[in-house]
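Below is one structure, written out as structure tokens; the observations come after it.
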Amino acid sequence: MKKLVTIMAAALVMLQACKENSPEPGKSNSNAIEIKTSGETETQKITAPPFLPTPVGDRAAKKVIVNLEATEAEGELADGVTYKFWTFNNTVPGTFIRVRVGDEVELHLKNASNSVMPHNIDLHAVNGPGGGAEATNVAPGKEAVFNFKALNPGLYVYHCAAAPVPMHIANGMYGLILVEPEGGLPKVDKEYYVMQSEFYTKGKTDEKGLQEFDQDKGVDERPTYVVFNGKKNALMGKNELEAKVGETVRLFVGNAGPNLTSSFHVIGEIFDRVYIEGGSKINENVQTTLIPAGGAVIVEFKVEEPGEYILVDHSIFRAFNKGAIGKLKVTGEKNPKIYNKVK
Ligand SMILES: [Cu+2]
């Protein structure tokens with residue numbers, strides 16, 4: 001009897017130790033802080049949306065250097081409409097950052113010498129004051145550097161948080177950072193980077209010429225434009241997304257706001273899997289998914305039939321009147337058992 005009690009007590013101690021060592025399934029990996037890096041250093045490749053760096057795979061954690069530059073430059077917002085964008089690395093959204101849990105990220109933020117404003121960066125993937133904003137306030141022509149350890153896997157928004165914050169976000173200063181779980185995300189055939197945001201201009205939608213930022217429209221949450229990837233029709237015509245029949249597609253979709261929640265939908269498709277709010281929980285068989293301002297989502301689906309699939313914010317005036325519309329073109333063999341026009 002005494003022996004049995006001893007065994008049971010030992011088992012209890014072991015169970016307790018086990019509990020303390022392993023994170024609950026679906027919870028953030030608190031052990032990430034203990035993950036040793038391999039000692040290697042990689043400099044993150046700079047890509048432009050809708051493209052992104054290749055998957056991290058099952059590599060060990062390492063040090064990753066990320067170089068971003070805050071710039072202020074005129075660009076096209078719609079056909080014949082220009083705007084003075086504030087950016088990270090001259091694209092809207094900014095460079096996609098791709099690391100794995102346990103990585104040490106060394107972020108270098110330069111502010112271009114011809115900038116007028118100071119800028120900084122708040123990454124939602126950071127555990128620390130201001131998400132890095134306090135550590136990276138940088139005047140024109142200067143550079144700030146800070147380090148952080150990627151503790152929580154998921155898809156996160158980053159944005160400038162210099163005063164006035166709403167204006168820096170409204171002008172284009174945002175992007176996504178993906179922290180892959182240990183072992184990486186499951187393999188898919190195509191991956192794309194899409195980010196929704198609003199623009200507030202003095203002129204009406206499609207009014208030609210250089211447009212100024214309209215603070216009143218911003219405060220009233222009445223955007224002149226709601227777009228994907230920084231421009232009306234950024235994902236149309238020669239910039240359509242592409243896939244082949246039978247391929248699996250993963251979209252990393254962010255919403256910079258600064259005001260609206262997106263009802264993200266792909267016309268003619270059902271999301272086989274949705275990483276809800278970009279976190280670790282997966283929902284299946286979803287038609288439309290919500291993306292909060294300052295949030296993101298990962299959606300995955302297989303394309304079964306050739307044709308054009310339209311990406312929209314299903315708050316549908318935004319899509320057809322304000323620009324929140326894009327296209328995925330699928331090529332390949334027709335599949336009449338799945339979709340067929342009879343007459
Ligand atoms: Cu800024």
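Atoms considered below: every heavy atom in the structure, side chains included; atoms not considered: hydrogens, waters and symmetry mates. Along the sequence shown, residues carry numbers from 1.
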- salt bridge (Lys or Arg N to Asp or Glu O under 4.0 Å) between E247 and K302, intermediate numbers included: CA-CA 6 Å; E247 285 188 326; K302 185 176 173 186; over 6 Å; no
- Message: Show me the pairs that pass salt bridge (Lys or Arg N to Asp or Glu O under 4.0 Å) and involve residues 224-237, at least two apart or across chains.
- Response: E76-K231, D206-K232
- Note on the structure: Contacts of N147 meeting side chain to side chain contact (heavy atoms under 4.5 Å, CB included) (sequence neighbours excluded), chain-then-number -> E106
- Is E42 paired with K62 through a side-chain N to carboxylate O contact shorter than 4.0 Å? yes
- Message: Within the 3.5 Å criterion, strictly below it, is a donor on E72 or H119 matched to an acceptor on the partner's side chain?
- Response: yes
- Item | Ion pair check, R100 and E182, cut-off under 4.0 Å | yes
- Can any side-chain N or O of N255 pair as donor or acceptor with the backbone N or O of I291 at less than 3.5 Å? yes
- E242/K329 ion pair, N-O < 4.0 Å: no
- Task: Using a strict cut-off of less than 4.0 Å between a Lys/Arg side-chain nitrogen and an Asp/Glu carboxylate oxygen, indicate whether E305 and K334 qualify as a salt bridge.
- Result: yes
- How long is the span from the CG atom in L176 to the OG1 atom in T95, to the nearest 0.5 Å? 11.5 Å
- Could D103 and R59 be called an ion pair, given the rule that one side-chain N must be under 4.0 Å from one carboxylate O? yes
- Item | Salt-bridge present (K110, E69; N to O < 4.0 Å) | no
